[in-house]
Amino acid sequence: MQDTTGQDTTGQGTTGQGTTGQGTAGQVAMPQAAESRWFDPAFRPAYRPRLAPLPEVADVLVIGAGAAGIGAARTLAARGVSVAVLEARDRVGGRALTVALRGHALDLGAHWLHAGPINPLVTLGRTRGERLRRAPQESHVWVGRRPGRAAEIRANGRAFDRADRAMTRGAAQHGPDRPAGSALPPGLGPWGARVAQVHGLVSGRPLNEVSLQDFPSLEYGDNYFLADGYGSYLARLADGLPVALATAVTRIDWSGGRVRATTAAGAEHAARAVIVTVPMMVLREGPVFSPPLPNAARVAIDGFTTGIYEHAVLHWPSSPFRGRDRLAAIHGGRHAPPGLLTRIDGTPFHYYELDLHEAAAIDAAGSGADGVRRHVRAVLAEHFGGARLRDLTIPAVSAWRHDRWSRGSWAVVPPGHAPARQALRGAVADTVWFAGEALSREQWGTVGGAYEEGVRAAEAVAAVVTDGAGTRIRAGTG
């Protein structure tokens with residue numbers, strides 16, 4: 001799901017899916033020398049919300065001010081429940097960040113609003129008058145060094161349709177889970193490799209590492225973009241919320257029917273309950289829970305794998321592609337871009353989307369963000385010729401996998417781990433709740449899924465921390 005990735009000193013001026021706009025807490029240290037290769041000068045968010053101070057007494061703590069944390073905090077505030085949001089970064093939005101590049105709003109992280117009919121942020125955006133634009137259904141097809149012919153375009157479409165139907169049928173069959181790649185049909189011909197590559201990109205890992213039972217869960221047919229950026233939209237939703245930035249939580253004590261969260265600075269915040277919206281990849285390392293989480297919750301958290309979906313922002317005025325916001329499927333050659341989103345909002349900007357294989361090769365070479373730039377140029381030169389790249393610049397590169405508050409673009413369910421999303425949706429002793437894209441069955445890997453899960457958790461918490469008449473039960477009194 002091309003929805004998550006992006007950052008401040010987070011994906012960093014170097015940035016980028018998907019992420020998923022999910023908040024952060026706890027810390028996972030990374031060697032400074034290795035990390036520094038990925039950090040260009042940090043970009044500033046195009047919009048910073050006006051945040052309220054934390055209340056003196058909070059009914060609920062929310063850990064993380066990404067999409068899930070913002071959705072949870074807005075829901076609790078609307079129900080009259082006092083909430084305090086603790087965010088590790090120095091901004092809100094998690095893996096969604098909009099910056100201004102050459103006068104244009106560009107998302108360095110999440111940029112697709114997927115699944116329009118069920119995405120709560122599409123509905124809310126329309127209500128708020130956000131400038132949504134529908135993603136076109138048409139895409140470019142490029143074969144070798146030329147545009148695809150009509151027959152090739154039809155064959156490309158048929159191959160994807162056959163693969164999608166086969167995986168959907170396979171997922172509906174009873175029996176043990178298996179890799180999604182095992183359901184790909186034979187006979188896809190020269191288009192088969194491209195089908196596997198694209199599905200591996202949007203899944204975050206190769207299809208043989210993805211659960212078939214979990215795979216066909218996102219409706220792709222009605223997607224949107226935002227004229228002034230997804231990250232800015234999410235930041236505006238945080239206006240007026242009580243959020244403490246640069247406040248990493250290292251320990252959560254949930255004993256005795258209440259919560260005490262300790263920050264890296266040693267401060268303690270108490271409440272009746274907590275909603276933890278930290279990405280699964282970060283939760284594997286921290287914060288520390290006392291007492292330890294039940295084994296079922298810990299197994300569910302630790303069983304997710306890391307989804308990798310990064311992108312390089314291209315400024316390419318002489319690109320051969322016309323029309324705005326159209327994906328380009330490029331076939332042939334030794335290397336092909338896993339994904340290419342062209343002419344964003346009709347501008348010269350494009351997103352070159354990197355998958356796990358490309359990211360791993362670049363990481364193995366230890367070449368950092370400049371290594372991504374060299375790789376992208378080499379791949380594009382193979383398909384379009386070096387002369388066509390004379391005006392190409394690459395002002396930003398994503399690095400969610402190296403961001404200590406993300407550790408990846410989104411959480412992936414491997415074969416055999418399909419029940420994990422549902423397992424984490426229940427409360428732990430009516431004190432600890434989890435929320436985020438990883439818990440969404442229908443919208444995994446997306447900001448919309450994370451936001452919806454934040455709302456769900458907040459509604460469950462509100463029912464517990466208030467009595468039947470809606471009266472709040474203060475921490476330590478109920």
Side-chain angles (χ1 to χ4, degrees), residues 3-8 10 17-25 45-55 58-79 81-98 107 109-111 113 119-125 127-128 130 226 228-247 249 274-279 282 405-406 410 433-440 443 446-462:
D3 191 82
T4 73
T5 42
Q7 51 246 34
D8 58 343
T10 247
Q17 205 94 88
T19 298
T20 46
Q22 190 165 318
T24 52
Y47 181 83
R48 284 193 178 273
R50 299 174 299 279
L51 302 174
L54 300 186
D59 300 311
V60 180
L61 300 179
V62 173
I63 312 301
I70 291 170
R74 284 171 57 92
T75 302
L76 291 167
R79 284 155 177 71
V81 177
S82 178
V83 59
V85 184
L86 310 178
E87 167 57 47
R89 291 185 174 94
D90 68 355
R91 62 169 182 84
V92 303
R95 287 164 283 181
L97 170 66
T98 303
D107 283 306
H111 49 286
L113 283 80
N119 187 332
L121 292 177
V122 171
T123 302
L124 181 59
T127 301
R128 290 168 54 89
E130 301 286 346
L226 278 155
D228 57 352
Y230 209 168
S232 288
Y233 171 34
L234 198 59
R236 287 192 295 273
L237 292 178
D239 270 326
L241 293 179
V243 181
L245 299 175
T247 304
V249 172
V274 63
I275 301 174
V276 180
T277 73
V278 180
V282 178
W405 304 126
S406 301
W410 57 78
W433 279 259
F434 294 99
E437 58 81 18
L439 278 66
S440 176
Q443 299 182 74
T446 71
V447 175
Y451 188 92
E452 184 175 58
E453 284 299 305
V455 171
R456 175 200 57 78
E459 289 174 343
V461 172

What residues form a side chain to side chain contact (heavy atoms under 4.5 Å, CB included) with [X], not counting sequence neighbours?
| X | result |
| --- | --- |
| Ala77 | none |
| Ala235 | Tyr47, Pro49, Val92 |
| Pro120 | Gln443, Tyr451, Glu452 |
| Ala46 | Thr98, Ser232 |

For this session: Could you verify whether a donor N or O on one side chain and an acceptor N or O on the other, from Arg89 and Ser406, lie under 3.5 Å apart?
Result: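 Checked: Arg89/Ser406 side chains pair up, N/O donor to acceptor below 3.5 Å.
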For this session: Report yes or no: does Asp59 contribute a side-chain atom to a donor-acceptor pair with the main-chain N or O of Val81 at less than 3.5 Å?
Result: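 Absent.
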For this session: Nearest 0.5 Å please: distance from the CD atom of Glu87 over to the CG atom of Leu51.
Result: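 That separation rounds to 10.0 Å.
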Exercise. If you measure from CD1 on Ile63 to CG on Leu86, what distance do you get to the nearest 0.5 Å?
Worked result: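 Those atoms lie 4.5 Å apart.
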For this session: Can you see which heavy atom on Leu121 is nearest to which on Tyr233, and at what distance?
Result: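 Minimum heavy-atom contact is O-OH, 2.7 Å.
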For this session: Quick one: closest heavy-atom pair of Gly436 and Glu453, and the distance?
Result: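 For Gly436 versus Glu453, the nearest heavy atoms are O-CG, 3.4 Å.
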Problem set entry | side-chain hydrogen bond (donor to acceptor under 3.5 Å, both in side chains) involving Arg236 - partner list, sequence neighbours excluded |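 By the side-chain hydrogen bond (donor to acceptor under 3.5 Å, both in side chains) rule, Arg236 matches Glu130, Asp228.
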Problem set entry | Residues in salt bridge (Lys or Arg N to Asp or Glu O under 4.0 Å) contact with Arg74, at least two apart in sequence or another chain |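 Counting only residues at least two positions away or on another chain, Arg74 forms no salt bridge (Lys or Arg N to Asp or Glu O under 4.0 Å).
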